[in-house]
Each structure stands twice: as C-alpha cells, then as structure tokens.
Amino acid sequence: MSDIRARLGSAVSAAFEAEGLDPSLGRVSASDRPDLADFQCNGALAAAKAARGNPREIASRLVARLQGLPELEAVESAGPGFVNLKVALGLLSERAAEVAASDLAGASRVAAPRRVLVDYGGPNVAKPMHVGHLRAAIIGESIKRLFRFRGDEVLGDAHFGDWGFQMGLLITAVLDEGLDPARLTLEDLERLYPAAAAQAKADPAFRDRARKATAELQGGRADYRALWSRFVEVSRSALKREFHALGVDFDLWKGESDADPLIPAMVEDLRAKGLLEHDQGAEIVRVAREGDKRELPPLLVVSSEGSAMYGTTDLATIVDRRKSFDPDLILYVVDQRQADHFEQVFRAAALAGYAREGELEHIGFGTMNGADGKPFKTREGGVLKLHDLIAMVTDKARARLREADLGAELSPEAFEATAHKVAVAALKFADLSNFRGTSYVFDLDRFTSFEGKTGPYLLYQTVRVKSLLRKAAEQGAEAGPIAVAEPAERELALRLDAFDVAVCEAYDRRAPHAIAEHAYQLAQAFSRFYAACPILAVDLPGQRASRLALAQAVLKQLELSLHILGLEAPERM
RNA sequence: GCGCCCGUAGCUCAACUGGAUAGAGCAUCCGCCUUCUAAGCGGACGGUUGCAGGUUCGAGCCCUGCCGGGCGCGCCA
C-alpha cells in the first residue's frame with residue numbers, strides 16, 4: 001500500500017525507461033498549480049538538460065505513453081516541460097478507503113527500523129524549569145513520537161542535569177547558609193542557585209570553593225553525595241510533574257551523574273588511544289580538522305581542578321548508551337547555540353570509536369522570544385518559570401472558552417480538563433508550526449485564538465468531527481464504501497493521501513512542523529467538505545455512508561497527527 | 001577579529017532542498033446560519049523575497065560582495 005504520488009511515480013518512471021531515459025527522473029510530487037493538476041513530474045526538464053534535448057518534446061513523448069492509464073483522469077505537458085497529472089476519481093476513492101482502513105491512516109513505516117535514543121528536555125537540578133526548557137521538551141517529545149510512529153524503537157531520555165559545577169555551587173551555598181539537608185525544599189534550590197551563580201561570578205574565592213566542592217563530590221566525598229541525592233530527589237519529582245502536565249513523558253530519567261562511574265575508565269581509554277593531551281593544566285582532546293573554516297576549540301575532558309566537564313559527561317554518556325541500549329542513532333534536541341559543543345563531542349566520539357559519523361545528531365532549535373524579539377522574559381525582566389507560563393496560558397484558555405460559550409454544559413472537572421488541553425495545544429502548536437531552527441515570538445492572544453492556524457482551532461475541528469460521528473451513531477447511520485465525487489470530497493481525499501509525504505518529510509528533516517502544516521490543511525479541507533457536503537442530511541444512503549467513511553478517516557488521521565505533535569482533543573468543547 | 005544562522009505581504013510564519021502565477025494565518029473590506037458545533041466557509045486587498053552583481057533554459061533557494069539583526073568562540077551547562 002502506497003500513496004498516490006508513489007503509484008504515479010512508478011508509472012511515470014516506467015515511461016521514462018521506455019523512452020530510454022533515467023527512470024529515477026520519474027519522481028512525482030504534488031502539483032504547484034492545483035488549478036491545473038493534482039500531481040506533476042519535472043523530470044523531463046532534467047532529462048533534457050542531461051541529453052541536450054528539448055524538454056517540451058520529451059514531456060510530450062512521456063504524455064503519449066501515459067495516456068489512457070486507468071489511474072489518470074488527464075495527463076498533459078505544460079509550461080517549459082512539466083508533466084501534469086490529474087487523478088481519476090476511482091483511484092482517489094480506493095486510496096481514501098485504504099487510509100480509512102489503515103492503522104497508520106495511510107502513513108508508511110520505515111523500511112528498516114532502528115534503535116533511536118532521543119535526548120531532550122535537559123532539566124536541571126539546580127534551576128527551576130523555565131521557558132528555555134519549553135522548546136526542547138515540546139520538540140523532543142514530538143520527534144520521539146514521530147520516530148516511534150514510523151516504527152523505530154525509541155527511548156526518550158531526560159538527561160537530567162545533576163552533575164558538574166552547578167552542584168558544587170549548590171553544596172557550597174547550602175553549607176554556607178547552614179541549612180538542614182533533610183528539610184531542603186524546591187523553593188530553597190530555586191532561591192540558592194541563582195544567588196550562588198551570581199556570587200561565583202563576583203567572588204573568585206567563592207567560585208574556587210565551589211569548583212573544589214564539585215571535584216570532591218565527583219571524587220565520592222560521602223557528605224557531599226548525601227546532600228546531592230537530596231537535591232536530586234527534591235527536584236526530580238517536581239520536574240516529572242511539570243513535564244507530565246505538558247504531555248511530555250520520558251522513558252529514562254538518566255542523569256549526567258549516571259555516566260560518572262564510566263569516566264575514569266573512559267579517560268584511561270582516551271589516554272591509551274593517544275587522544276589525550278595536557279594543556280594549561282587541563283586534559284583535552286583536539287578535534288580540529290584540516291580544512292575547517294573556523295578553529296574548533298579542543299574538547300575539555302579533565303579540568304585543571306580534576307573535575308569532569310559537560311563534554312566529558314556527554315562523551316561518557318555515549319559510552320553508557322552504547323553499553324545499554326546500543327542505539328543506531330542518538331538525537332540531541334538542544335538549543336542551536338550549543339552546536340559547537342556537540343560538534344566537539346561528536347568528533348571526539350568518532351576519534352575514540354564510541355560512535356560512527358552520522359550516528360550522533362544535534363537537533364538544534366531557536367529561542368522563544370518576547371514581543372521585543374529577545375528571549376522571553378517576565379514583565380519584570382526575570383526568567384519566567386514554566387509552571388507560571390502554563391498557568392498563564394490555562395487562564396487565557398478558560399477565558400476563551402467562556403467567551404465563546406463553549407463547554408458550558410460540561411462538569412467543572414471536564415471544563416477544567418478541556419481548558420488544560422486547549423492551553424497545551426495553544427502552546428505546543430504555536431511552537432511546532434514553525435520550523436524548529438527559527439526563533440519565534442510568544443504571543444498569548446494569537447496562540448490561544450480559536451481562529452486561524454492555532455492549536456485550539458485544530459482541537460475545535462477535531463471535536464466537530466467527533467460530534468458529527470457521535471450524532472451519526474445515535475441515528476444508526478453507518479459508514480460504507482467511499483465514492484469520491486464532489487470537488488470538496490476530491491480535495492479532501494487528496495489531502496488524506498498527502499499524510500505520508502508530510503510524515504516522511506517531518507521524519508527526514510526532524511521537523512515536526514510538516515505534521516503541523518498537514519494537520520492544519522486537513523482540518524481546513526474537512527471544514528470545506530463539511531460546509532459543502534451535507535452528510536447526515538443527504539437522501540442517498542450510499543452517499544451518506546461514503547461521507548461518513550471519509551469523516552472517520554479524517555478523524556483518525558487528525559488524531560494521529562495531533563498525537564505526533566503531542567496534543568490531545570477532548571470529546572466535546 | 002573568526003565562524004554559524006537569519007532578513008519573504010502592515011504583523012507572525014511557509015515554500016516538498018533549482019522549476020510554472022512565491023503561499024498560509026492575523027489584521028482590513030465584502031458575502032454566507034429555518035440545515036450535522038458560524039470559534040466555521042467563500043471572496044477581495046496585500047510582494048522589486050534586505051541591496052548589488054554572478055552561475056543557467058530557469059534563483060527566495062547556489063556563488064561573490066555589501067547593509068541590517070541574532071548567536072557562538074577552552075576550564076558554566
């Protein structure tokens with residue numbers, strides 16, 4: 001079972017071959033001119049270039065060979081040498097039925113499933129979750145779901161930030177204040193860390209004590225370890241709760257500390273391989289390469305204080321993952337600004353033989369900005385906690401629902417659950433509808449609007465389909481064979497067919513916005529269909545059954561799309 | 001200073017990696033509810049793709065140089 005594009009592609013490729021041309025030129029894609037065709041092939045242009053021929057003439061010969069195919073309603077050459085294809089209604093009906101019957105709503109699985117580890121979220125013991133963590137969580141969760149959807153074996157790892165200098169800072173701060181470790185709260189941590197970080201910048205003596213504490217913690221000093229596990233315990237449960245509220249859940253809650261026991265042996269291994277070098281009191285691995293445009297700094301493996309740096313931990317984590325899950329691919333969903341760091345780690349891993357080229361990939365993303373175009377801050381200029389952000393969006397979602405008089409008949413609990421779903425949808429869809437690499441501007445009013453390209457709109461449309469199907473069930477109306485006829489049905493069937501392209505593009509580019517775009521297009525196509533084609537009110541039982549089957553296929557594909565994006569539609573709103 | 005990314009409609013963003021007339025949403029204006037959720041649908045308006053060259057049948061996309069913005073550049077993560 002494959003999509004229409006692929007089926008037409010093989011027919012067109014065969015025509016290329018019959019003309020003595022490269023069959024790979026027969027690739028077919030959705031038409032740029034929906035007014036002229038459903039699909040098009042640009043291969044005649046490339047063929048003409050290679051063979052110094054006339055593209056229009058080649059296109060005409062291809063068209064002659066494709067004439068009369070039962071899959072096609074029309075085929076013609078156009079423009080400088082395009083082959084335009086219009087699909088027969090029979091094929092559209094057949095394909096829509098496939099989508100309706102398919103567990104994946106017409107999407108395909110990968111040919112060879114891989115073990116993939118997605119490293120995302122990156123919550124930190126010392127710091128509260130703030131808006132900076134939002135994108136990693138949203139994008140990473142979606143990529144995890146996307147890869148799993150296509151059949152890979154996937155694990156999501158929170159890769160908890162529970163090691164390194166920040167821990168030394170906290171230990172030093174707690175001891176200086178003489179706090180009782182047993183009574184430490186999340187609020188203490190959230191207060192102590194920023195203060196300690198600031199003090200370390202201003203006061204070199206304090207900084208040195210914190211660095212020493214870091215090294216001693218990593219060296220296994222018992223009282224520091226005890227204090228440290230208290231930090232981890234306090235913040236992990238809070239972080240789990242925060243993430244879960246966002247619909248973000250991890251398979252692994254590994255931390256940087258889990259890689260720590262592997263570090264001594266790894267350092268020895270690097271030394272034995274001749275990769276380690278003494279430099280300015282530290283030990284480094286040089287990763288610069290011939291022909292680099294810029295000078296990539298070496299990876300710092302052991303600091304002059306004797307402690308592990310974040311590159312060390314990242315490298316050891318690769319070793320750890322190699323031993324446990326042995327992934328074919330590790331995706332690091334981390335801020336784009338850390339690109340150089342990952343390049344350093346990846347190169348060091350390749351040099352040491354911990355991972356091959358291409359097995360490690362940094363999935364960078366831009367920042368979420370405020371109206372001023374700078375990374376999002378509170379009105380007072382501080383960092384906005386994720387918890388407060390979600391509360392803010394949920395408040396707005398509640399207000400929007402009331403404003404529109406939606407959900408009035410729901411119980412208070414159901415209303416609250418709906419408001420939360422709307423809020424999460426608003427936040428996540430706004431993020432995922434942009435390409436991850438670009439930064440975007442946070443705009444509460446726009447994100448929570450039910451109009452336009454928003455999460456709430458998608459939820460609303462999904463709920464409309466559910467409502468329709470519920471009503472059909474009450475009336476005893478059943479779905480039946482699909483017979484695409486009306487223009488709106490035709491458009492809808494084409495859109496259902498396009499799901500696989502969107503899924504594959506999102507997968508290949510690690511770019512969930514392709515799914516977001518598709519979901520929006522599908523919702524719109526359904527809405528046009530819904531407006532143009534009465535479903536329950538038609539007289540012909542066959543037509544009603546066909547349209548119900550289309551609606552069911554839409555609902556399935558919409559819900560799968562939402563699921564990949566990490567959203568969930570309520571039953572009613 | 002070196003390097004990376006970005007600059008597309010008034011605003012927020014796309015553009016299947018070189019193809020036809022650069023698309024959506026918001027905003028503005030005009031239509032459509034006795035009919036399955038109108039928070040919907042249809043239509044109109046809106047562009048020298050930052051600027052200047054180059055490569056070719058063809059450039060928002062590739063190359064060069066400017067202008068403007070963001071970010072990174074060894075002991076934080």
Side-chain angles (χ1 to χ4, degrees), chain A residues 29-33 35-36 40 42 45-46 48-49 55 78-82 84 122 124 126-127 161 163-166 169 197 200-201 207 211 256 279-282 284 292-300 302-305 307 309-311 313-314 334-341 344 364 366-367 369 373-375 400-401 403-406 430 433-435 437-441 443 445-446 449-454 456-457 460-461 463-472 475 498 501-502 504-505 508-509 513-514 517 520-521 524 527-528 530-532 534-537 551 572-573:
Chain A
S29 56
S31 177
D32 291 333
R33 295 284 305 272
D35 52 322
L36 299 179
Q40 67 185 75
N42 303 343
L45 294 157
K49 193 174 215 167
F82 300 110
N84 280 342
N124 203 302
K127 311 173 202 170
W163 214 232
F165 182 59
Q166 38 171 344
L169 278 175
K201 271 194 178 169
R207 187 198 64 209
R211 289 190 59 198
E256 293 170 345
D279 194 81
Q280 298 171 40
I284 61 169
D292 280 352
K293 280 193 166 179
R294 67 200 186 286
E295 196 181 337
L296 198 63
L299 185 78
L300 245 151
V302 184
S303 80
S304 53
E305 199 66 44
S307 57
M309 307 299 293
Y310 72 129
T313 316
D314 282 349
V334 182
D335 194 313
Q336 187 59 45
R337 287 175 291 196
Q338 293 193 38
D340 282 356
H341 166 69
Q344 288 172 289
T367 53
N369 296 335
K374 292 181 180 150
R400 290 280 197 195
L401 286 169
E403 206 176 283
D405 203 28
L406 277 174
S433 56
N434 298 322
F435 176 65
T438 57
S439 299
Y440 69 97
V441 176
D443 183 337
D445 287 338
R446 187 160 63 82
S449 171
F450 283 79
E451 290 166 29
K453 201 171 173 179
T454 69
Y457 167 87
Y460 172 72
Q461 292 299 347
V463 166
R464 274 218 303 188
V465 188
K466 288 188 181 190
S467 168
L468 170 75
L469 294 175
R470 209 165 34 231
K471 199 149 283 184
Q475 297 178 11
V501 169
C504 290
E505 195 202 335
D508 292 341
R509 294 174 66 191
H513 81 293
E517 180 65 25
Y520 180 68
Q521 296 285 343
Q524 274 197 319
S527 206
R528 281 192 287 268
Y530 185 81
I535 298 162
L536 298 178
R572 301 160 199 272
M573 62 192 273

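We name chains A, B, ... by the order of the sequence lines, and we start the count at 1 in each one. What you are looking at is a predicted structure, and each value in this text was computed from that prediction instead of being measured.
If you check every strand for non-hydrogen atoms under 4.0 Å, A:L469 touches nothing. At a threshold of 4.0 angstrom between heavy atoms, the contacts of A:A339 with the nucleic acid are absent. Residue A:F165 is classed as a sugar-phosphate contact, given heavy-atom separations below 4.0 Å to backbone atoms only. Within the nucleic acid shown, A:E305 has no heavy atom closer than 4.0 Å to any nucleic acid atom. A:H513 comes within contact range of the sugar-phosphate backbone alone, with a heavy-atom separation under 4.0 Å but no base atom that close. Nucleic acid contact for A:N84: base, since at least one base atom lies under 4.0 Å from a heavy atom of the residue. Looking at heavy-atom distances under 4.0 Å, A:V463 makes contact with a base. Using a 4.0 Å heavy-atom criterion, one finds that A:I284 contacts the bases of the nucleic acid, with or without backbone contacts as well. Within 4.0 Å (heavy atoms only), A:Y530 reaches at least one base atom of the nucleic acid. Here A:D443 lies out of heavy-atom contact (under 4.0 Å) with every strand. Residue contacts for A:S439: at a heavy-atom cut-off of 4.0 Å it reaches the sugar-phosphate backbone alone, with no base atom in range. Using a 4.0 Å heavy-atom cutoff across all strands shown, A:Q338 reaches at least one base atom of the nucleic acid. Across all strands, A:Q461 comes closer than 4.0 Å only to sugar-phosphate atoms, never to a base (heavy-atom distances). When heavy atoms are screened at a 4.0 angstrom cut-off, A:A78 is found touching base atoms of the nucleic acid.
Of the nucleotides present, none pairs with B:rU48 by Watson-Crick or G-U wobble criteria with both distances under 3.5 Å. In this structure, B:rC75 makes no Watson-Crick or G-U wobble pair, since no nucleotide meets both defining distances under 3.5 angstrom. Judged by Watson-Crick or G-U wobble contacts below 3.5 Å, the nucleotide B:rC26 has B:rG10 as its partner. Both distances falling under 3.5 Å, in either a Watson-Crick or a G-U wobble arrangement, place B:rG40 opposite B:rC32. Pairing for B:rC4 is with B:rG70, a Watson-Crick or G-U wobble pair whose two hydrogen-bonding atom distances lie under 3.5 Å. Base pairing annotation: B:rU17 forms no Watson-Crick or G-U wobble pair, as no partner gives both donor-acceptor distances under 3.5 Å.
Of the inter-residue distances, the one linking A:N84 atom CG with A:L36 atom CG reads 6.0 Å to the nearest 0.5 angstrom.
Each of A:Y440 and A:K453 was matched to the nucleotide of RNA chain B holding its nearest heavy atom; the match closer to the 5' end belongs to A:Y440.
OP1 or OP2 of B:rC41 lies within a sub-4.0 Å distance of a side-chain N or O belonging to A:S527.
Heavy-atom neighbours of A:R572 CZ from other residues, nucleotides or ligands within 6.0 Å: at or below the threshold of 12. Heavy atoms from other residues, nucleotides or ligands lying under 6.0 Å from CG of A:D405 number 12 at most. More than 12 heavy atoms of other shown residues, nucleotides or ligands fall within 6.0 angstrom of atom CD in A:Q475.
Remark: the A:N42 side chain and the B:rA20 base include no donor-acceptor N/O pair separated by less than 3.5 Å. Counting distance only, with no hydrogens placed and no angle test, the side-chain atoms of A:S304 and the base atoms of B:rC75 include a donor-acceptor pair under 3.5 Å. Under 3.5 Å, the side chain of A:D279 and the base of B:rG74 form at least one donor-acceptor pair of N or O atoms. Scanning atom types as modelled, one donor and one acceptor separated by under 3.5 angstrom connect the side chain of A:K49 and the base of B:rG58.
The side chain of A:D32 has B:rG19 as its nearest neighbour among B:rG19, B:rU21, B:rA24. With distances taken from any side-chain atom of A:E256 to the nucleotides B:rC41, B:rA77, B:rG74, the minimum falls on B:rA77. Taking every side-chain heavy atom of A:Q524 into account, B:rC41 is the closest of B:rC36, B:rA20, B:rC41. Considering only side-chain atoms of A:P297, the nucleotide from B:rG74, B:rA20, B:rC36 that sits closest is B:rG74. For A:R572, the listed nucleotide lying nearest its side chain is B:rU37; candidates were B:rC75, B:rA20, B:rU37. Which of B:rA24, B:rU12, B:rC41 sits closest to the side chain of A:Y520 comes down to B:rA24. When distances are taken from the side chain of A:S303 to each of B:rU37, B:rA77, B:rC75, the shortest belongs to B:rC75. Candidate nucleotides B:rU37, B:rA14, B:rA20 were compared by shortest atom distance to the side chain of A:S467, and B:rU37 ranks first.
A gap of 10 Å separates the P atoms of B:rG60 and B:rG50, to the nearest Å. Comparing B:rC57 with B:rG65, their P atoms are spaced 25 Å from each other, to the whole Å. When the C1' atom is compared between B:rU8 and B:rA22, the two are found 8 Å apart, to the nearest whole Å. Spacing of P atoms, B:rC62 relative to B:rG18, comes out at 8 Å, to the nearest Å.
With a 4.5 Å cut-off on side-chain heavy atoms, A:Q344 and A:L296 count as touching. Using a 4.5 Å heavy-atom cutoff, the side chains of A:V334 and A:H341 are not in contact.
Atom-to-atom, NZ of A:K293 to P of B:rG1 comes out at 18 Å; the value is rounded to the nearest Å. At whole-Å resolution of the value, CZ in A:F435 and P in B:rC5 are 12 Å apart.
For A:R464 and A:S527, the side-chain atoms include at least one donor-acceptor pair closer than 3.5 Å.
With its glycosidic angle more than 90° from 0, B:rC16 adopts the anti conformation. Because its glycosidic torsion is within 90° of 0, B:rU17 is reported here as syn.
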